[in-house]
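The chains referred to below are lettered A, B, ... by the order of the sequence lines, with proteins before strands, and numbering in each begins at 1. Reckoned from all heavy atoms, side chains included, excluding hydrogens, waters and symmetry mates.
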Amino acid sequence: MPNNPPNEGLVTVLPKRLLPWFDAHNRTELPWRRPETTPWGVLVSEVMSQQTPVSRVAPLWEAWMERWPSPADVADAAGPDILTMWGRLGYPRRAMRLRECAQAIAEKHGNEVPRDLDELRALPGIGVYTAAAVAVFAYGHRHPVVDTNVRRVVARLSGKPDSGTATSQADLDACEALLPEDQATAARLSIALMELGSLVCKAREADCASCPVVDVCGFAYQDIPEGPSRKRQKYTGTNRHVRGNIIELLRQKAPRPRSEIDLAWKDAAMVNEALAQLLHEGLVETDETGLFQLGA
DNA sequence: AAAGCGTGGGT
DNA sequence: TACCCAAGCTT
């Protein structure tokens, strides 16, 4: 009896079960899954989806890609246009970083999204997850792609509670150990794992009854205590709330005088603080006459 | 390395 | 009503 590593079975079973399941349940209506989508389109979809539900991203991605199809198009766009187009997706700094990313690709990579994981990781706004997602989903490479869905799925498969914290090297290793050797199969499995977490093995409630790998899962038949959940952040009444209101005001109409910025929040001191930050970060600026507008 | 960064839908 | 959750990244 060979002493196989514990994941040997799963490595064989997962593709056999998950790939057919994915063929049947893959959300092909997500616009970036159309076959003609470029690597840049994939990258944009991933950045927009950072901490934002894909249902809200989809329509915006369509409009964005139609207006600015390539990195060079985004690189040349004006700041106020970028921020207005981004709309209410949230975390507007992502939009500005996406433009920086586009500029780097246009200037240093010949307007082509790099294939190499480290080159991707070096781009503004691209972290470990997004770099892997682009390398795998756009180029079909073999890397662990670990977002909150995959982290949860992999943890549950092995019968452990999801850490609920930021992805660790151990999470990456655990995922990598589940990938088959064949590149194309590994890439397909990576999307399937994420889709399973998104549609079936959900955070609040795992729908084990409709799971294609329920019989090999360490979670399904056990009472796994939930791990410490990620620390939740307040929004109502916080600095972020004020910042959001100010940016929204300027998306609606700009330029505006300071007196109208003060309408964003009843606490003037909080407006002062938030506005100072936004000016410092370049999300807001003043024109020659001292009126406020979205940053260039 | 913990904290900060938007927004909205579901329960 | 609150709270949870959503394809994370940066400093």
*asked:* Under 4.0 Å, heavy atoms only, any strand: does A/Trp86 hit a base, just the sugar-phosphate, or nothing?
replied: nothing
_Any base atoms under 4.0 Å from A/Ile126, or only sugar-phosphate, or nothing? Heavy atoms, all strands._
sugar-phosphate
_Whole-Å P distance, C/dA7 and B/dA3_ = 23 Å
*Confirm from the modelled atom types if A/Arg240 and B/dG6 form a donor-acceptor pair under 3.5 Å, side chain to base only.*
yes
*Could you check whether A/Val128 gets within reach of a base, just the sugar-phosphate, or nothing at all, counting any heavy atom under 4.0 Å?*
sugar-phosphate
*asked:* Without decimals, in angstroms, what is the distance between A/Arg93 CZ and C/dG8 P?
replied: 16 Å
*asked:* Looking at A/Gln51 and B/dC5, is any side-chain donor or acceptor paired with a base atom of the opposite kind under 3.5 Å?
replied: no
*asked:* Between P on B/dT7 and CZ on A/Arg232, what's the gap in Å once rounded to a whole number?
replied: 18 Å
*Check for a donor-acceptor pair, side chain of A/Arg121 on one end and backbone N or O of A/Ile126 on the other, with a separation under 3.5 Å.*
yes
*Measuring from A/His109:NE2 to A/Glu107:CD, what's the distance to the nearest 0.5 Å?*
10.5 Å
*Could you measure between the two C1' atoms, the one in C/dT10 and the one in B/dA1, and give it in whole Å?*
12 Å
*Please determine if a side-chain N or O atom of A/Tyr235 lies less than 4.0 Å away from the OP1 or OP2 oxygen of B/dT7.*
yes
*Just how far, in rounded Å, is P of C/dC9 from CZ of A/Arg121?*
7 Å
*Report yes or no: does A/Arg188 contribute a side-chain atom to a donor-acceptor pair with the main-chain N or O of A/Leu19 at less than 3.5 Å?*
no
*No-H, no-angle donor-acceptor pair, A/Thr52 side chain to B/dG6 base, under 3.5 Å*: yes
*asked:* Given C/dA7, B/dG8, C/dC5, identify the nucleotide with an atom nearest to the side chain of A/Val54.
replied: C/dA7
*asked:* Can you work out whether A/Pro124 or A/Phe137 has the more 5'-proximal nearest nucleotide on DNA chain C?
replied: A/Phe137
*asked:* What's A/Thr167 touching, base or sugar-phosphate or nothing? Going by heavy atoms closer than 4.0 Å.
replied: nothing
*How about A/Ile82 and A/Met96: do any of their side-chain heavy atoms sit closer than 4.5 Å?*
yes
*asked:* Between A/Gln50 and B/dC5, is there a contact of a side-chain N or O with OP1 or OP2 at under 4.0 Å?
replied: no
*Which nucleotide in the set B/dC5, C/dA7, C/dC3 lies at the smallest distance from any side-chain heavy atom of A/Leu30?*
C/dA7
*Select one nucleotide: of C/dG8, C/dC5, B/dT7, the one nearest the side-chain heavy atoms of A/Arg251.*
B/dT7
*May I have the distance from A/Leu89 (atom CG) to B/dC5 (atom C1'), rounded to whole angstrom?*
14 Å
_A/Met48 CE - C/dG8 P separation (whole Å)_ = 15 Å
*Can you label the angle between the A/His241 ring and the A/Tyr235 ring as parallel, tilted or perpendicular, going by 30° and 60°?*
parallel
*asked:* Reading DNA chain C from 5' onward, which residue's closest nucleotide shows up sooner: A/Pro53 or A/Thr130?
replied: A/Pro53
_Any donor-acceptor N/O pair, A/Thr84 side chain to A/Asp81 backbone, under 3.5 Å_ = no
_Donor-acceptor pair under 3.5 Å, A/Arg204 side chain vs B/dT11 base_ = no
*Nearest whole angstrom, please: distance from the C1' of B/dC5 to the CZ of A/Arg94.*
10 Å
*A/Thr167 side chain near A/Tyr129 side chain, heavy-atom distance below 4.5 Å*: no
*Using a cut-off of 4.0 Å on non-hydrogen atoms, how would the nucleic acid contact of A/Glu281 be classed: base, sugar-phosphate, or nothing?*
nothing
_A/Arg88, nearest nucleotide to its side chain (from B/dG8, B/dC5, C/dC4)_ = B/dG8
*Using atom CD of A/Glu195 as one end and atom P of C/dA7 as the other, report the distance to the nearest whole Å.*
10 Å
*asked:* Could you tell me how far apart A/His280 (NE2) and B/dC5 (P) are, to the nearest whole angstrom?
replied: 13 Å
_It should be established whether A/Asn239 places a side-chain nitrogen or oxygen under 4.0 Å from OP1 or OP2 of nucleotide B/dG4._
no
*asked:* Any base atoms under 4.0 Å from A/Arg97, or only sugar-phosphate, or nothing? Heavy atoms, all strands.
replied: sugar-phosphate
*With a non-hydrogen cut-off below 4.0 angstrom, is A/Glu248 in contact with a base, only sugar-phosphate, or nothing?*
nothing
*Look at A/Arg243 and B/dG6 and indicate whether a side-chain polar atom (N or O) is within less than 4.0 Å of OP1 or OP2.*
yes
*So, do A/Ile261 and A/Leu250 sit near enough that their side-chain heavy atoms are less than 4.5 Å apart?*
yes
*Which of the following nucleotides, B/dC5, C/dA7, C/dC3, is nearest to the side chain of A/Lys234?*
C/dC3
*With a 4.0 Å cut-off on heavy atoms, is A/Arg27 in touch with a base, just the backbone sugar-phosphate, or nothing at all?*
base
*Checking all strands, does A/Arg33 fall into the base, sugar-phosphate, or nothing category for heavy-atom contacts under 4.0 angstrom?*
base
*Of all the nucleotides listed (C/dA7, B/dG4, C/dC9), which has the minimum atom distance to the side chain of A/Thr148?*
C/dA7
